[in-house]
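As structure tokens, the structure follows; a few thoughts come after it.
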Amino acid sequence: MYFSWGGNTEGIAEQIQEKTGADMFELTLVNPYSSDYNTVLDEAQRDMNANARPELKNYVEDISKYDAILIGYPNWWATIPMPVASFLEEYDLSNKRIVPFCSHGGGRLGQSVNDIRKLAPNSVIGEALSVHYSGDSGLSDDISQWLAQNHILEQ
């Protein structure tokens with residue numbers, strides 16, 4: 001599962017899907033954020049300050065069939081974007097393993113993993129992957145190591 005605005009997180013999710021063969025699900029919104037960078041920053045900060053839960057456009061039909069959920073997102077204001085919070089609160093993720101991956105422009109994971117832990121207190125949170133923008137030439141190896149570290153794939 002991933003939320004992507006500029007395509008960086010989507011590209012990471014696609015590489016993960018290629019390596020694992022897992023199902024891939026993109027979070028989209030009923031009222032999408034602006035495609036303008038400065039405007040989306042304002043919208044994202046507004047939602048964060050209001051602790052908003054933007055309405056999701058699409059849903060996972062049967063979340064119960066998944067034991068592990070890899071959740072990707074950009075680091076916005078040192079945390080998860082509010083659409084990810086919407087997802088975490090709308091599903092019963094009890095006893096599931098949540099494995100975060102995050103794209104960022106320098107803020108690394110920020111407080112995102114702690115915030116995921118708060119929104120999914122009955123889940124096991126795996127080791128997170130932090131990727132600067134869309135990654136560099138070592139991204140494929142980094143993803144493979146991260147998947148192995150989280151026992152998603154053998155290395």
Side-chain angles (χ1 to χ4, degrees), residues 1-30 32-37 40-41 43-44 47-48 54 56-93 95-120 123-155:
M1 188 287 303
Y2 71 94
F3 174 77
S4 187
W5 178 79
N8 292 330
T9 307
E10 180 178 31
I12 299 162
E14 288 170 348
Q15 286 195 45
I16 293 167
Q17 199 275 334
E18 287 173 15
K19 290 178 180 294
T20 63
D23 293 343
M24 188 163 68
F25 179 80
E26 179 182 10
L27 283 181
T28 58
L29 301 177
V30 169
Y33 287 121
S34 173
S35 60
D36 176 73
Y37 181 73
V40 79
L41 290 179
E43 292 170 341
D47 280 358
M48 186 193 71
L56 302 177
K57 184 176 181 178
N58 52 351
Y59 294 89
V60 175
E61 288 186 27
D62 185 8
I63 200 80
S64 68
K65 71 180 186 177
Y66 300 102
D67 295 327
I69 301 171
L70 285 63
I71 297 182
Y73 52 89
N75 172 339
W76 283 1
W77 307 107
T79 189
I80 56 173
M82 294 300 97
V84 175
S86 295
F87 173 85
L88 291 169
E89 289 183 345
E90 287 187 22
Y91 292 93
D92 180 6
L93 303 175
N95 302 315
K96 295 192 182 296
R97 189 163 43 119
I98 296 175
V99 185
F101 62 98
C102 173
S103 62
H104 63 86
R108 300 189 183 262
L109 295 167
Q111 294 300 311
S112 66
V113 176
N114 286 333
D115 291 338
I116 290 169
R117 191 172 280 115
K118 288 175 189 173
L119 292 168
S123 300
V124 174
I125 310 300
E127 291 299 318
L129 175 67
S130 170
V131 178
H132 191 255
Y133 290 113
S134 61
D136 58 21
S137 61
L139 180 60
S140 180
D141 289 340
D142 292 345
I143 290 172
S144 294
Q145 290 173 10
W146 170 72
L147 291 169
Q149 179 183 23
N150 282 288
H151 307 288
I152 304 293
L153 282 183
E154 298 296 319
Q155 196 165 17

Report task. Starting from the C-alpha separation in whole Å, work towards a yes-or-no answer on side chain to side chain contact (heavy atoms under 4.5 Å, CB included) for Ile71 and Leu88. Result -> CA-CA 10 Å; Ile71 297 182; Leu88 291 169; 3.6 Å; yes
Requested in this report: Measure the spacing between CG of Asn95 and OG of Ser64 and express it to the nearest 0.5 Å.
Outcome: 12.5 Å
**Report entry** Side-chain donor or acceptor of Ser103 paired with backbone N/O of Ser134 under 3.5 Å
**Finding:** no
Requested in this report: Would you mind reporting whether Pro83 and Tyr33 have side-chain heavy atoms less than 4.5 Å apart?
Outcome: yes
Query raised in the report: Any side-chain heavy atom of Val131 within less than 4.5 Å of one from Asp142?
Result: no
Query - Considering all heavy atoms, the nearest Leu139-Gln15 contact - result: CD2-NE2, 3.4 Å
Report task. Not counting sequence neighbours, which residues clear side-chain contact (heavy atoms from CB on, under 4.5 Å) with Gln17? List them please. Result -> Met24
Requested in this report: Check whether any side-chain heavy atom of Leu129 sits under 4.5 Å from a side-chain heavy atom of Leu70, and report yes or no.
Outcome: no
Query - Residues Arg97, Ile152; criterion side chain to side chain contact (heavy atoms under 4.5 Å, CB included); working and verdict - result: CA-CA 11 Å; Arg97 189 163 43 119; Ile152 304 293; 3.7 Å; yes
Query - Thr79: side-chain contact (heavy atoms from CB on, under 4.5 Å) partners, not counting sequence neighbours - result: Met48, Asp115
Report summary line: To the nearest 0.5 Å, atom CH2 of Trp77 lies from atom CE of Met82 at 12.5 Å
Report task. Check Pro54 against Ser86 and note the closest heavy-atom contact, atom names and distance. Result -> O-OG, 2.8 Å
Query raised in the report: So with a 6.0 Å cut-off around NZ of Lys19, is the heavy-atom count from everything else above 12?
Result: yes
**Report entry** Shortest non-hydrogen contact between Trp5 and Ser34, atoms and distance
**Finding:** NE1-O, 2.7 Å
Report task. Check the pair Val40 / Trp76 against side chain to side chain contact (heavy atoms under 4.5 Å, CB included), numbers first and verdict last. Result -> CA-CA 10 Å; Val40 79; Trp76 283 1; 4.0 Å; yes
**Report entry** Check: Met1 and Leu27 side chains under 4.5 Å, non-hydrogen atoms
**Finding:** yes
Query raised in the report: So, do Ile69 and Ile63 sit near enough that their side-chain heavy atoms are less than 4.5 Å apart?
Result: yes
Query raised in the report: Is the shortest heavy-atom distance from the side chain of Tyr66 to the side chain of Val60 under 4.5 Å?
Result: yes
Report task. Return the set of residues passing ring pair (Phe, Tyr, Trp, His ring centres under 6.0 Å) with His132 (not counting sequence neighbours), or none when no residue passes. Result -> His104
Report summary line: Taken to the nearest 0.5 Å, the spacing of Leu153 CG from Trp146 CH2 works out to 10.0 Å
Query - Nearest heavy atoms of Ala85 and Leu119, plus distance in Å - result: CB-CD1, 3.7 Å
Query raised in the report: Any idea which heavy atoms bring Ser112 and Tyr73 closest together, and the distance?
Result: OG-OH, 2.7 Å
Query raised in the report: Is any side-chain heavy atom of Tyr91 closer than 4.5 Å to a side-chain heavy atom of Lys96?
Result: no
Query - Sub-4.5 Å side-chain heavy-atom contact between Phe87 and Phe3 - result: no
Query raised in the report: Backbone N or O of Gly107 within a donor-acceptor pair of the Asn75 side chain at under 3.5 Å?
Result: yes
Report task. Nearest 0.5 Å please: distance from the CD1 atom of Ile98 over to the CD1 atom of Ile125. Result -> 4.5 Å
Report summary line: Rounding to 0.5 Å, atoms CD (Glu89) and CG (Leu56) come to a distance of 10.5 Å
Requested in this report: Any chance you could measure Cys102, atom SG, to Asn8, atom CG, to the nearest 0.5 Å?
Outcome: 10.5 Å
Report task. Please answer whether the main-chain N or O of Lys57 pairs with a side-chain N or O of Thr28 as donor and acceptor at a distance below 3.5 Å. Result -> no
Report task. Could you give me the CA-CA distance, side-chain angles and deciding distance for Asp23 and Lys65, then say whether side chain to side chain contact (heavy atoms under 4.5 Å, CB included) is met? Result -> CA-CA 11 Å; Asp23 293 343; Lys65 71 180 186 177; 4.1 Å; yes
Requested in this report: Could you pull out the closest heavy-atom pair between Thr9 and Gly72, with the gap in Å?
Outcome: CG2-C, 3.5 Å
Query raised in the report: Are there more than 12 heavy atoms of other residues, nucleotides or ligands under 6.0 Å from atom CG of Asp67?
Result: no
